[in-house]
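Structure incoming, see below.
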Amino acid sequence: MARIPDLKSITTEDEYIHVRYREPDQFNQIRTQDWADRVSDSVSERSEVRIGKREDTDDWVVQPVLIKKNVGEEKAREQADKIIREIES
């Protein structure tokens with residue numbers, strides 16, 4: 001099973017809870033990929049995933065997972081953990 005990175009923060013902004021695993025300043029590019037959104041939607045409907053590319057590598061990794069705020073922070077964390085496990089395994 002893939003190791004989940006340490007949680008950096010959970011914040012609620014507009015209609016989403018942002019579950020951040022990595023700081024955005026670690027990346028030179030951050031994108032929303034359709035394939036990652038399909039994975040996240042299979043766990044949490046209408047969720048979003050931002051994938052970042054670090055300057056020192058060609059690897060793309062999850063930066064934040066955005067979960068609809070109506071699920072609450074505890075459930076958002078659980079769903080985000082499941083999403084990142086599926087994407088980064």
Check your understanding: Ignoring hydrogens and geometry, is there a side-chain-to-backbone donor-acceptor pair from S40 to I83 under 3.5 Å?
Key ->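 Looks like no, no N/O pair under 3.5 Å.
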Check your understanding: side chain to side chain contact (heavy atoms under 4.5 Å, CB included) with K82: which residues, sequence neighbours excluded?
Key ->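 Partners of K82 by the side chain to side chain contact (heavy atoms under 4.5 Å, CB included) criterion, ordered by chain and then number, come out as V43, R85, E86.
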Point to revise | Reported CG-to-CD1 distance for the pair D81 and I4, which is rounded to 0.5 angstrom | key: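 If we round to the nearest 0.5 Å, D81:CG and I4:CD1 are 4.0 Å apart.
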Check your understanding: When you look at CD of E45, are more than 12 heavy atoms from neighbouring residues, nucleotides or ligands closer to it than 6.0 Å?
Key ->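 Counting neighbours around CD of E45, 12 or fewer heavy atoms of other residues, nucleotides or ligands fall under 6.0 Å, so no.
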Check your understanding: Is there a donor-acceptor contact under 3.5 Å from the side chain of D59 to the main chain of K53?
Key ->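 No, the answer is negative, given that no donor and acceptor are paired below the 3.5 Å cut-off.
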**Study point:** Closest contact, heavy atoms only, I51 versus Q33
**Key:**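 Nearest pair, atom of I51 first, then Q33: CG1-CG, 4.0 Å.
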Point to revise | Closest approach of K8 to R22 (non-hydrogen atoms, all atoms of both residues) | key: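 Shortest heavy-atom contact: CG-N, 3.8 Å.
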Exercise for review: Check whether more than 12 heavy atoms from other residues, nucleotides or ligands sit under 6.0 Å from atom CG of D58, and answer yes or no.
Suggested key: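 Not buried by this count: 12 neighbours or fewer within 6.0 Å.
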Practice item. Report yes or no: do W60 and V19 belong to one cluster of Ile/Leu/Val/Met/Phe/Trp/Tyr joined by side chain heavy-atom distances under 4.5 Å? Key: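 Linked, W60 and V19 end up in one cluster.
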Check your understanding: Closest approach of D37 and V49, non-hydrogen atoms and distance?
Key ->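 Looking at all heavy atoms of both residues, the shortest contact is OD1-N, 3.1 Å.
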Exercise for review: Please lay out, stage by stage, how S47 and L66 fare under the test side-chain contact (heavy atoms from CB on, under 4.5 Å).
Suggested key: CA-CA 5 Å; S47 60; L66 285 62; over 6 Å; no
Review point. Would you say the side-chain atoms of Y21 pair up with the backbone N or O of V65, donor to acceptor, closer than 3.5 Å?
Key: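 No; judged by distance alone, with no hydrogens or angles, the pair does not exist.
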Review point. By side-chain hydrogen bond (donor to acceptor under 3.5 Å, both in side chains), which residues pair with S42, not counting sequence neighbours?
Key: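 By the side-chain hydrogen bond (donor to acceptor under 3.5 Å, both in side chains) rule, S42 matches no residue at all.
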Check your understanding: Are V39 and V71 joined in one hydrophobic group, where the rule is that I, L, V, M, F, W and Y side chains link up if heavy atoms are under 4.5 Å apart?
Key ->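 Yes; V71 is reachable from V39 via cluster members.
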**Study point:** Which atom of I67 lies closest to which atom of A80, heavy atoms considered
**Key:**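 Looks like CD1-N, 4.4 Å.
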Practice item. State, to 0.1 Å, how close Q63 and E23 come at their nearest heavy-atom pair, and which atoms those are. Key: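 Looks like NE2-C, 3.8 Å.
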**Study point:** Connected via hydrophobic side-chain network under 4.5 Å: V62 and I17
**Key:**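 Yes, same cluster.
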**Study point:** Considering all heavy atoms, the nearest I30-R50 contact
**Key:**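 Minimum heavy-atom separation between I30 and R50: CG2-CB, 3.7 Å.
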Exercise for review: Calculate, to the nearest 0.5 Å, the distance between atoms CZ and CD1 belonging to R38 and I87 respectively.
Suggested key: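 With rounding to 0.5 Å, CZ (R38) is 11.0 Å from CD1 (I87).
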Point to revise | Pair listing, side-chain hydrogen bond (donor to acceptor under 3.5 Å, both in side chains) test, anchored in residues 64-75, at least two apart | key: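 Every pair satisfying side-chain hydrogen bond (donor to acceptor under 3.5 Å, both in side chains) with a residue in residues 64-75: E15-K68.
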Review point. Atom CZ in R77, atom CD1 in I10: separation rounded to 0.5 Å?
Key: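 Reported to 0.5 Å precision, the distance equals 5.5 Å.
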